[in-house]
Each structure stands twice: as C-alpha cells, then as structure tokens.
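Remember, predicted model here, so these are calculated numbers, not experimental data.
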Amino acid sequence: MEKLVIEGGRKLTGEVKISGAKNAALPLIAATLLAEGVHVLNNVPDLRDTRTILRLLESLGLTWKREGDALYIDGTGLRYSEASYDLVKTMRASVLVLGPLLARLGKAKVSMPGGCAIGARPINFHLTGFEQLGVTCDLEHGYVDARIEGRLQGGTVYFDIPSVTGTENLLMAASLAEGTTVIKNAAREPEIGNLIDMLTAMGARIEGRDTAQLVIRGVKTLHAATSRIIPDRIEAGTYAIAIAATGGEAVVKGCDPAHLPALLGKMHSAGVAVDAGTDSLSIQSPVCRGERIAAVDVTTMPYPGYPTDLQAQFMALMTLATGVSVIHETIFENRFMHVAELQRMGADIKIDGRIAMVKGLAETDLFGAQVMATDLRASSSLVIAGLAAVGRTDISRIYHLERGYEDMVGKLTGLGANVWKEDE
Ligand code: EPU
C-alpha cells in the first residue's frame, strides 16, 4: 500500500486545472446501458471509481475504450443483469446500474451495498421508487432481486430526503417507462442536470431540470449520443480551500464557479478574496494581505446548500481561523472521521453528535503527524491540513483519495507543494 507524504508550510501559488466530475461521470457511464450503439463521453476523469464502474459494465456485456479523456462505450452487448458483491462492495455507486438494467432487461440483481465509513447509507428510496414503477424488489442473500414483466410503468415517486443517486436511478428507469413519471422532492445537484442533458440527447423527454419536481415522459427506445462531463465542483472546492489554508494565491481553472454558490459565500465570509470568472476562480488567502482567516459556521445541506462533500475540507481551514466555527453535518450521521486525525495534528475540535466546534489556532500552526485516511473527503481534509502544517505529514491508505481526485500529487506539485507518494 502507498502513503502520501507532505512537507508542509509552502504557500500554494500558480494555477491548477480541474478534471471532470466523478459524481457526474458515474451516472453518465451507467446511462450508456440504456441504449445500443456507441456512446461518447468527453472529459471523463481517470479515477479508481470510474475504472470500477467500467469493470462493472464489462461484466454486464458492454465494451469500451478510452482515448485521452474521452470514453467510447458500446451499449449493444448488454446481456447480463447481475452486479456482484465484489464490485459493489468497493463502490456504492454501483447501484446506479439498477435503473438502466430494469429499463432494458426488465430485471436486475445487484448486491446490497453495506454501511460505509460515513454512515449507513441505505438504498430504500431507490427501491420504493422502482416499486412505484411496477417493479417487484426482493432482498435475498445480500442481493436486491428486482424484476418486472414487460415495460416499466410511469408513476409518482416522492423522496423523503432528496437523494442524488436515487434521483439519477429513477430518471434513467423512467426514461424508458410506459407513460409519465413524476419525481417529487428530487435532488437538484448539478450532476443531475448533466445526466438530464445526456438523457435528453439520447431521446428522453424530461421537464423540470434544476427543480425539485421532474416530469419524465417515457419513450420506447433511446439512442447513443455524445455528452460531456461537467467539471468537478468538489475537486475545485478542495483546491480553493487548500490555497486559502496555505496562505497562498492561485487560480483554479476549468471549473464552473456557478456550481459552488455556498462554498464561495463561506470563503468570502472567512476573508478569502474570491474572483469568479466564467470557468475559473482566483483565490487569495487573507494571509497574503497580513490578515487572519475568520471563523465561519457551516451547515451541510442538499444543493444549492453547502455540500457535505466539502465539509471535512472546510473544517481543516477552520482549524487555522481566528475564533470558533460551528460545523453541522446534516446529510450523513458519521462524517466526522477526520476529526480525530486533525486532532493528532494539533487541531482543537469538539464533537457533539452531528455538530463539531472548531476553535481556530489563530496564532499557532498545525503540526505534521502520521494520520490515516478513512474516506475520500476526509482524506482530502488531511491533505489540506498537511499542506498548511509545519513539518512532515504521512497520510496512510491513500487509495481513498485515488477514488476521487485525479493526479492529486501532480496537481499539488504544480501549485508548489512538496508532496510525494511512498510505499508504506
Ligand atoms: N438516503 C436514505 N435512503 C436512500 C438514499 C439516501 O435514507 O435510499 C439518505 C442518505 O443516508 C443520506 C441522504 O439520504 O442521509 C442523502 O443521500 P444521497 O442518496 O443523496 O447520497 P448518495 O446518492 O448515496 C451522493 C454522492 C456522495 C455525496 C451525496 C450527498 C455520488 C456517486 N455520491 O451519494 O458523494 O456525499 O450524494 O451529496 O454521487 C463522495 O463523492 O465522496 C460522496 C460520498
């Protein structure tokens, strides 16, 4: 196994280019199951998770090739309907094949994802939604066995909480259903807009993009199309926070600042100067102006609220602020695994249930330490802390990072960081 080593204390400067979004690439790749022919996806990040879903598609009979950041996926060969435990246990987003398999084959057997490092993460909303479309779902030996005789039937689906992959799964299934489906309290993340654009290019009829009510008028068949993955807003936010935390000044290129409304507001309140262009963000830490980072409270919410996927990174920034920041995690019940590791680096944080109180160090620094990555975003918060800390930080289990950050070592090195991988 490899670990990441950071010699901290260098200000990040220059520019960094953002990759395509992991959480858009996964549903768009799954959507190629919906139609025969060669689908072209551009701006696809090469990550552990995108490789996993491609392996899953292969196991279902599809073929694909990659040329640079373009993927050519042929949906013609689909003939199997089972997603094995071996694949699903490494990536929960594998459940995204359920909707397309039901739509095209009328059956799907997908291993139930277990709990994970950030919470229980059930898939009951997905299954209840499919049942509204006429599907019978049984749970047997750790697998969801779902099937329907004939075509899916349009219906009304209501989510208690707007679920991102739940909305995506239902959108894909309903596109090929007979009749009209309405999804109420749908998630509105930009990745869902990206999927709607792809489905529309494939011949689907969907109304309500970017709203909480989606209306899908089912069609008999869809066709292959060319789509582009949107920039990764979480990767962009992670680098923006890292630049601010190191006291640096740099440009985050190839991103969409319109997808980061909550983070940019919080950065501004923290005293970070943010200049948002159409596809770039110029970030200047207050430290560049001889000022300190200010403490700001954050509550995670579904989009357009503050994203849970940027909670851990913002906490790392707040450990350096002047004052106390209250961070409330409302989406996942166990998403503070990074706290104990940040404490090993000198951070002053107290947790009470889903609330963390972060007392900024103000005049002192974090110090380097040996820490352990527990999930993808927790890992990136440790990277930010390590970059800002004095001395050497060793982060073990970096396979978590490789699930969602393309070439992080190369990108950080380009920003002037002293960071490298080593065998543990
Ligand atoms: N929920 C249920 N039942 C369900 C589905 C969701 O109770 O059937 C609950 C969840 O437990 C959670 C809330 O609803 O409390 C929202 O979860 P959601 O379904 O939206 O999460 P997800 O679709 O499983 C996606 C991202 C996550 C991101 C969340 C929240 C992908 C592939 N994953 O997960 O990304 O944190 O939305 O924005 O899109 C990451 O990239 O590190 C990551 C974890």
Side-chain angles (χ1 to χ4, degrees), residues 25-41 44 49-67 70-113 123 126-127 129-131 133-154 165 168-178 181 195 198-199 201-204 216 218-227:
L26 297 175
L28 270 70
I29 291 173
T32 64
L33 289 163
L34 287 165
E36 295 187 347
V38 179
H39 304 254
V40 184
L41 297 179
V44 184
D49 274 10
T50 47
R51 278 179 241 150
T52 303
I53 197 153
L54 287 167
R55 278 216 321 277
L56 176 51
L57 261 51
E58 268 174 25
S59 76
L60 300 172
L62 271 60
T63 54
W64 60 274
K65 67 173 180 181
R66 188 184 251 282
E67 278 174 13
L71 272 183
Y72 299 82
I73 306 178
D74 190 343
T76 312
L78 175 64
R79 57 186 181 283
Y80 303 111
S81 57
E82 184 170 327
S84 72
Y85 177 64
D86 284 347
L87 283 168
V88 179
K89 77 173 184 213
T90 61
M91 191 188 67
R92 305 178 55 79
S94 306
V95 297
L96 282 167
V97 301
L98 258 172
L101 287 177
L102 282 166
R104 248 186 93 192
L105 300 178
K107 59 180 180 175
K109 194 171 171 191
V110 175
S111 172
M112 282 281 283
I123 57 162
H126 303 232
L127 303 185
F130 292 135
E131 281 165 1
L133 305 194
V135 175
T136 306
C137 297
D138 292 318
L139 300 182
E140 281 170 6
H141 307 292
Y143 279 76
V144 179
D145 196 348
R147 81 206 85 74
I148 183 163
E149 287 293 330
R151 270 175 84 188
L152 294 163
Q153 300 296 311
T165 49
E168 292 163 348
N169 237 338
L170 267 299
L171 269 170
M172 291 188 279
S175 292
L176 282 177
E178 188 169 7
T181 298
L195 176 64
M198 171 169 175
L199 294 172
M202 291 169 70
I216 307 112
V219 295
K220 265 200 173 143
T221 54
L222 296 169
H223 53 80
T226 298
S227 304

key: Heavy-atom side-chain proximity of Leu96 to Met172 below 4.5 angstrom   = yes
key: Taking every non-hydrogen atom, the tightest pair across Ala103 and Ala173   = CB-O, 4.0 Å
query = Looking at Pro100 and Ala30, what are the two nearest heavy atoms and their distance?
reply = CG-O, 3.7 Å
request  = Kindly compute the distance separating CG (Leu34) from CE (Met202), expressed to the nearest 0.5 Å.
outcome  = 5.0 Å
message = Keeping His39 on the side-chain end and Ile73 on the backbone end, is there a donor-acceptor pair under 3.5 Å?
response = no
inquiry  = Please find the pair of heavy atoms, one from Thr32 and one from Met198, that lie closest to each other, and give the distance.
reply    = CG2-CE, 3.9 Å
query = At what distance, to the nearest 0.5 angstrom, does NE2 of His126 lie from CD of Glu168?
reply = 9.0 Å
task = For residues Val88 and Ser111, report the shortest heavy-atom separation together with the two atoms involved.
result = CG1-O, 3.4 Å
Polar side-chain atom of Thr76 near backbone of Gly37 as donor-acceptor pair, under 3.5 Å = yes
ask   = Can you list the steps and then say if Lys107 with Asp145 is a salt bridge (Lys or Arg N to Asp or Glu O under 4.0 Å)?
value = CA-CA 8 Å; Lys107 59 180 180 175; Asp145 196 348; over 6 Å; no
request  = Please check if the side chain of Gln153 supplies one atom and the backbone of Arg151 the other of a donor-acceptor pair under 3.5 Å.
outcome  = yes
ask   = With a cut-off of 6.0 Å (strictly less than), are more than 12 heavy atoms of other residues, nucleotides or ligands near CD of Glu140?
value = yes
key: Taking every non-hydrogen atom, the tightest pair across Val97 and Ala83   = CG2-CB, 4.2 Å
query = What are the two closest heavy atoms between Ala108 and Leu98, and how far apart are they?
reply = CB-CD2, 3.7 Å
task = Ignoring hydrogens and angles, tell me if any N or O in the side chain of Asn169 forms a donor-acceptor pair with the backbone of Gly99 under 3.5 Å.
result = yes
task = Using modelled atom types only, decide if a donor and an acceptor are shared between the side chain of Tyr85 and the backbone of Val110 within a distance under 3.5 Å.
result = no
query = Who pairs with Glu82 by side chain to side chain donor-acceptor pair (under 3.5 Å), at least two apart in sequence or on another chain?
reply = none
request  = Mind checking the CG-CG spacing from Leu222 to Leu33? Nearest 0.5 Å is all I need.
outcome  = 12.0 Å
ask   = Does Arg147 reach the main-chain N or O of Gly106 with its side chain, forming a donor-acceptor pair under 3.5 Å?
value = no
Report all side-chain donor-acceptor pairs from residues 53-65 shorter than 3.5 Å, counting only partners two or more places apart or in another chain.
residue : atom : partner : partner atom : Å
Glu58   : OE2  : Trp64   : NE1          : 2.7
Ser59   : OG   : Leu56   : O            : 2.7
Lys65   : NZ   : Glu67   : OE2          : 3.4

note = One should read off an interatomic distance between Arg92 CZ and Met112 CE, to the nearest 0.5 angstrom, of 9.0 Å
inquiry  = When you measure from the side chain of Arg66 to the backbone of Leu71, do you find a donor-acceptor pair of N or O atoms at a distance under 3.5 Å?
reply    = no
task = Compare all side-chain heavy atoms of Tyr72 with those of Leu41 and state whether any distance is below 4.5 angstrom.
result = no
